[in-house]
Q: 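Attaching a single structure in structure tokens format; questions to follow.
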Amino acid sequence: MTDTGDTNTLTVRDNRTGKEYEIPITDGTIKAGDLSQIRTDDETPGLATYDPGFVNTASCKSSVTFIDGEKGILEYRGYPIEQLAEKSNFLEVAYLLIHGELPSKPQYDTWVHEITHHTFLHENVKTFMQGFRYDAHPMGMLMASVGALSTFYPESGNISDPDNRHMQMVRMIAKMPTLGAWAFRHAQGKPYVYPDNELSYTANFLSMLFKMSEHRFDADERLVKALDVLFILHADHEQNCSTNAVRSVGSSQVDPYSAVAAGVGALYGPLHGGANEAVLRMLRRIGSKENIPDFIKGVKDGNEKLMGFGHRVYKNYDPRAKIIKKACDDVFEVTGVNPLLEIARELEKIALEDEYFIKRKLYPNVDFYSGLIYEAFQFPPEMFTVLFAIGRTPGWLAQWLELVQDKEQKIARPKQIYTGERTLDFVPAAERWS
Ligand code: SDX
């Protein structure tokens with residue numbers, strides 16, 4: 001029992017023993033460890049918490065990203081996402097996330113130069129990627145290839161060396177677009193395009209995706225800008241599923257490539273980054289505005305999920321969705337309007353007025369409109385989450401770096417509630433089967 005004497009505490013009474021405990025409250029939380037003193041006797045383990053999906057559990061202290069889900073606020077290192085999307089660029093935001101402050105001009109120029117000159121991959125990575133089936137999902141290729149990079153840079157396991165950490169983070173931000181583009185070209189049976197260091201980060205990515213026999217692929221500047229904004233919007237999002245995976249795997253002190261490969265795997269899932277691909281498939285399946293009422297009925301009957309809607313944290317409109325919805329107009333000015341946009345807008349209108357969704361605070365999230373833009377870029381749906389992964393890489397790395405430097409962090413090893421059998425006597429197969 002603790003007697004702190006101040007009011008910033010929780011007084012807990014264990015009715016099994018009549019004992020009372022004072023537990024300190026800090027930053028709106030109590031330390032789960034403080035519950036372990038609450039026990040009925042010395043032989044019985046103390047209390048723990050049970051929280052599937054960590055719905056109400058903080059796993060770390062972080063200063064990278066702030067979200068207010070009720071108000072629909074998102075800030076990277078304190079800067080509102082709306083301002084960054086409008087006034088910054090992806091590499092500057094990547095610097096901000098990782099270094100914690102905006103770069104000076106020399107810092108920015110050095111950062112851009114370093115990343116530009118690390119976009120190439122070892123030729124063996126190309127050979128490795130060519131070994132995938134012709135129809136391999138690019139996210140599976142990306143997850144495997146990012147993990148494989150740890151074997152090309154074995155020194156990356158020395159995570160206590162700041163210079164080594166910096167080099168590996170530069171390499172990962174630089175090479176993710178190359179890996180993503182090569183996975184795309186693999187699926188198309190087209191030759192892999194090498195990076196063009198004369199182009200900006202995002203323009204170079206578009207070149208590696210779409211360049212054919214022309215000397216230089218010059219993407220429309222409006223498309224380059226729109227994709228750069230989408231990368232900014234996806235750059236980080238505090239303790240989402242894939243960042244939690246990066247932190248959990250990173251807590252074993254493995255190299256950053258292996259930790260980020262785990263993040264790619266988590267992002268692949270349809271409830272997380274795979275939702276943008278699922279939204280397009282859902283809109284195609286609905287097919288026309290006339291079919292929306294039937295689909296909404298299917299959602300209410302529990303037979304469907306309205307993909308691209310809902311969020312663990314946002315109980316208001318995802319601020320990123322608002323910006324993406326606006327970016328749609330810029331992209332469609334170049335590519336022509338995606339016919340599915342009309343269905344998406346009607347679906348959003350109906351859902352936002354329907355008690356079922358209002359009661360559950362289900363609003364469009366980052367994935368609802370992004371797929372429409374990606375499709376306008378001529379990306380197939382299976383590439384959408386690869387684009388999400390490229391954008392999220394600086395965020396994963398910023399969170400990984402914070403974990404590695406956080407003295408309070410330990411290897412992730414949660415408890416469980418055991419529900420299985422106990423102390424059974426083993427019967428050898430010969431007796432069991434006779
Ligand atoms: C991302 O965490 C992040 O920050 C993620 C992300 C990031 O930047 O990293 O923002 C990116 O992953 C965005 C989310 C993309 N996923 C989808 O769009 C898939 C559809 N959405 C849902 O699966 C769901 O909303 C989640 C997974 C996003 C959130 O799920 P929660 O927080 O666990 O909420 P829940 O499943 O407990 O839902 C609460 C209620 C339930 O109804 P009841 O059982 O109480 O009756 O809302 C319902 C759910 O059935 N519900 C939905 C729904 N989402 C929740 N019903 C229909 N359609 C939906 N989309």
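Numbering of residues begins at 1 and proceeds along the displayed sequence. All values below were derived from every heavy atom in this structure, side-chain atoms included, with hydrogens, water molecules and symmetry-related copies excluded. Atoms within a ligand are numbered from 1 in the order they appear, just like the ligands themselves. Owing to the predicted nature of the structure, the values given are computational and were not obtained by experimental measurement.
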Q: Starting from atom 56 (N) of ligand 1, what is the nearest protein heavy atom, named by residue and atom, and what distance separates them?
A: L362 CD1, 3.7 Å
Q: May I ask you to decide whether K87 forms a salt bridge with D228, counting only side-chain N to carboxylate O separations under 4.0 Å?
A: no
Q: Salt bridge between K211 and D196, side-chain N to carboxylate O under 4.0 Å?
A: no
Q: ring-ring contact (aromatic ring centres under 6.0 Å, His included) for F210 and F379? Distances and angles first, verdict last.
A: CA-CA 10 Å; F210 300 118; F379 289 117; 5.6 Å; yes
Q: State plainly whether the residues R281 and E382 are in salt-bridge range, i.e. N to O under 4.0 Å.
A: yes
Q: Around atom 42 (O) of ligand 1, find the nearest protein heavy atom and jot down its residue, atom name and distance.
A: R360 NE, 3.3 Å
Q: Mind checking whether Y194 and W182 have ring centres under 6.0 Å apart?
A: yes
Q: For ligand 1, is there an N or O atom under 3.5 Å from any N or O atom of M307?
A: no
Q: Which residue in the set H117, K175, H118 passes side-chain contact (heavy atoms from CB on, under 4.5 Å) when paired with V170?
A: H118
Q: Considering distance alone, does some N or O of F309 sit under 3.5 Å from an N or O of ligand 1?
A: yes
Q: Would you mind checking which non-hydrogen protein atom is closest to atom 2 (O) of ligand 1, with the distance to 0.1 Å?
A: N240 CB, 3.5 Å
Q: Using protein heavy atoms only, decide if any is under 4.0 Å from atom 31 (P) of ligand 1.
A: yes
Q: For atom 25 (O) of ligand 1, which of A235, G310, P364 has the closest heavy atom?
A: G310
Q: When you compare ligand 1 with H311, is there at least one nitrogen or oxygen pair between them that comes in under 3.5 angstrom?
A: yes
Q: Let's go through T335 and L223 carefully: what are the C-alpha distance in whole Å and the side-chain angles of both, what is the deciding distance for side chain to side chain contact (heavy atoms under 4.5 Å, CB included) to 0.1 Å, and is it a yes or a no?
A: CA-CA 9 Å; T335 63; L223 296 182; 4.1 Å; yes
Q: Flag the pair Q239 / S62 as yes when at least one side-chain heavy-atom distance between them is below 4.5 Å, and no otherwise.
A: yes
Q: I'd like to know if atom 47 (O) of ligand 1 has any protein heavy atom within a distance of less than 4.0 Å.
A: yes
Q: For atom 39 (C) of ligand 1, decide whether some protein heavy-atom distance is shorter than 4.0 Å.
A: no
Q: Is there a ring-ring contact (aromatic ring centres under 6.0 Å, His included) between Y314 and Y363? Walk through the geometry before answering.
A: CA-CA 8 Å; Y314 289 124; Y363 292 88; 9.8 Å; no
Q: Among protein heavy atoms, which sits nearest to atom 16 (N) of ligand 1, and what does the distance come to when rounded to 0.1 Å?
A: L271 O, 2.9 Å
Q: Which atoms from ligand 1 have a heavy atom of G308 less than 4.0 Å away?
A: 17 (C), 18 (O)
Q: Within ligand 1, which atoms have a heavy atom of V299 less than 4.0 Å away?
A: 57 (C)
Q: So which bit of I67 gets within less than 4.0 Å of ligand 1, heavy atoms only: side chain, backbone, both or neither?
A: neither
Q: Heavy atoms only: which of E304, H237, K300, Q239 is nearest to atom 4 (O) of ligand 1?
A: H237
Q: Considering only heavy atoms, which of R320, K305, K361 lies nearest to atom 8 (O) of ligand 1?
A: R320
Q: Give yes or no for whether the N/O distance cutoff of 3.5 Å, strictly under, is met between A275 and ligand 1.
A: no
Q: Run the side chain to side chain contact (heavy atoms under 4.5 Å, CB included) check on Y95 and Y108 step by step: do they pass?
A: CA-CA 8 Å; Y95 184 100; Y108 177 73; 5.8 Å; no
Q: Are the ring centres of Y134 and H186 closer than 6.0 Å?
A: no
Q: Heavy-atom contacts under 4.0 Å between L306 and ligand 1: side chain, backbone, both, or neither?
A: both
Q: Looking only at protein heavy atoms, which one is nearest to atom 9 (O) of ligand 1, and how far off is it?
A: R392 NH1, 2.9 Å
Q: Ignoring hydrogens, tell whether any protein atom lies closer than 4.0 Å to atom 34 (O) of ligand 1; use the non-hydrogen atoms only.
A: no
Q: Under 4.0 Å from atom 21 (N) of ligand 1, is there at least one protein heavy atom?
A: yes
Q: Assign the ring pair W111 / H99 to parallel, tilted or perpendicular, where the plane angle (0 to 90°) is split at 30° and 60°.
A: perpendicular
Q: Specify the protein heavy atom at minimum distance from atom 14 (C) of ligand 1: its residue, its atom name, and the distance to 0.1 Å.
A: N365 ND2, 3.6 Å
Q: Looking only at heavy atoms, is any part of V279 under 4.0 Å from ligand 1, and if so is it the side chain, the backbone, or both, or is it neither?
A: neither
Q: Any non-hydrogen atom of D367 lying under 4.0 Å from ligand 1?
A: yes
Q: Can you confirm whether R165 sits close enough to W400 that some side-chain heavy atom of one is under 4.5 Å from a side-chain heavy atom of the other?
A: yes
Q: Ignoring hydrogens, just give me the one of H272, H234, K315, R312 whose non-hydrogen atom is nearest atom 29 (C) of ligand 1.
A: R312
Q: Are the side chain of E348 and the backbone N or O of R345 linked by a donor-acceptor pair below 3.5 Å?
A: no
Q: Are any of the N/O atoms on P270, whether in the backbone or the side chain, positioned under 3.5 angstrom from an N/O atom of ligand 1?
A: no
Q: Under 6.0 Å from the six-membered ring centre of Y356 and within 45° of its axis: does the NZ or CZ of R360 meet both?
A: yes
